[in-house]
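Just the heavy atoms: all of them, side chains too, but no hydrogens, waters or symmetry mates, feed the values below. These figures come from a predicted structure and were not determined experimentally. Below, chains carry the letters A, B, ... as their sequence lines are ordered, and counting in each starts from 1.
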Amino acid sequence: DVKVTQSSRYLVKRTGEKVFLECVQDMDHENMFWYRQDPGLGLRLIYFSYDVKMKEKGDIPEGYSVSREKKERFSLILESASTNQTSMYLCASSFGSGGYEQFFGPGTRLTVL
Amino acid sequence: GENVEQHPSTLSVQEGDSAVIKCTYSDSASNYFPWYKQELGKRPQLIIDIRSNVGEKKDQRIAVTLNKTAKHFSLHITETQPEDSAVYFCAAIFTGGGNKLTFGTGTQLKVEL
């Protein structure tokens, strides 16, 4: 049974703070993804990674960075949090080439004050 | 650019009725079209998917149809039940996108007793 976990369910930060969101998967998946979910906008891809130390920009990478030092862990970093980054953040993972089904984590509700 | 449009944004049906959600996509070479269901407060989960070499796929009360010529695909839920109430997302894999999914904006389905 695939398990994707995220470090926090709820997080409150102040404007300008550096924020780390952690995602861990236990199924040896090659691919990992970070999305933000906002009402009426669906799931928008921020960054993704197909391998350790590899990253690619998604559709809305501005204001974010990522780190993948180990295969099972993918971190999303908000260098200087802003109020417009208040959102639900979802991590997902999938198998390698041809592994299209994505398994999602429970999400982190981030509020930036 | 790569785009998936989803309609309607909200859908209310009576228990036992059918529900249909439609998506259109921009890349004629897309070859994989999944549907995810997200219940309130939970993570999105894959419920059904279809590949471009198939026109229709069924799984009990849910079915997906694909019209490659018109570049649209639809989710059909028959005999709706209260537990079908959720947000549904369509998605597509675009050419050159590897395993990256582009999601629609979601449909809030409410099944009323």
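Looking at A:Leu41, the atoms closer than 4.5 Å to chain B (heavy atoms on both sides) all sit in the backbone: N, CA, C or O. Using a 4.5 Å cut-off between heavy atoms, B:Pro44 touches chain A through backbone and side chain atoms alike. Heavy atoms closer than 4.5 Å to chain B are found in the side chain of A:Gln37, but not in its backbone. Neither the backbone nor the side chain of B:Gln45 comes within less than 4.5 Å of any heavy atom of chain A. Only the side chain of A:Arg9 comes within contact range of chain B, with heavy atoms under 4.5 Å apart. Contact of A:Tyr100 with chain B is made through backbone and side chain together, with heavy-atom distances under 4.5 Å.
Look at A:Asp51 and A:Lys53 and you find no salt bridge, because none of the NZ, NE, NH1 or NH2 atoms lies under 4.0 Å from a carboxylate O.
Between the side chains of A:Arg109 and A:Tyr89, no donor-acceptor pair of N or O atoms lies under 3.5 Å. In summary, the side chains of A:Ser94 and A:Asn31 do present a donor paired with an acceptor at a separation below 3.5 Å, with no hydrogens or angles considered. Judged purely by distance below 3.5 Å, without hydrogens or angles, the side chains of A:Ser49 and A:Arg68 pair a donor atom with an acceptor atom. Using a 3.5 Å distance cut-off with no hydrogens or angles, the side chains of A:Gln102 and A:Tyr35 do pair a donor with an acceptor. Checking B:Thr65 against B:His76 by side-chain atom types alone, a donor-acceptor pair falls below 3.5 Å.
The residue among A:Pro39, A:Gly105, A:Gly58 with the most heavy atom pairs within less than 4.5 Å of chain B is A:Gly105.
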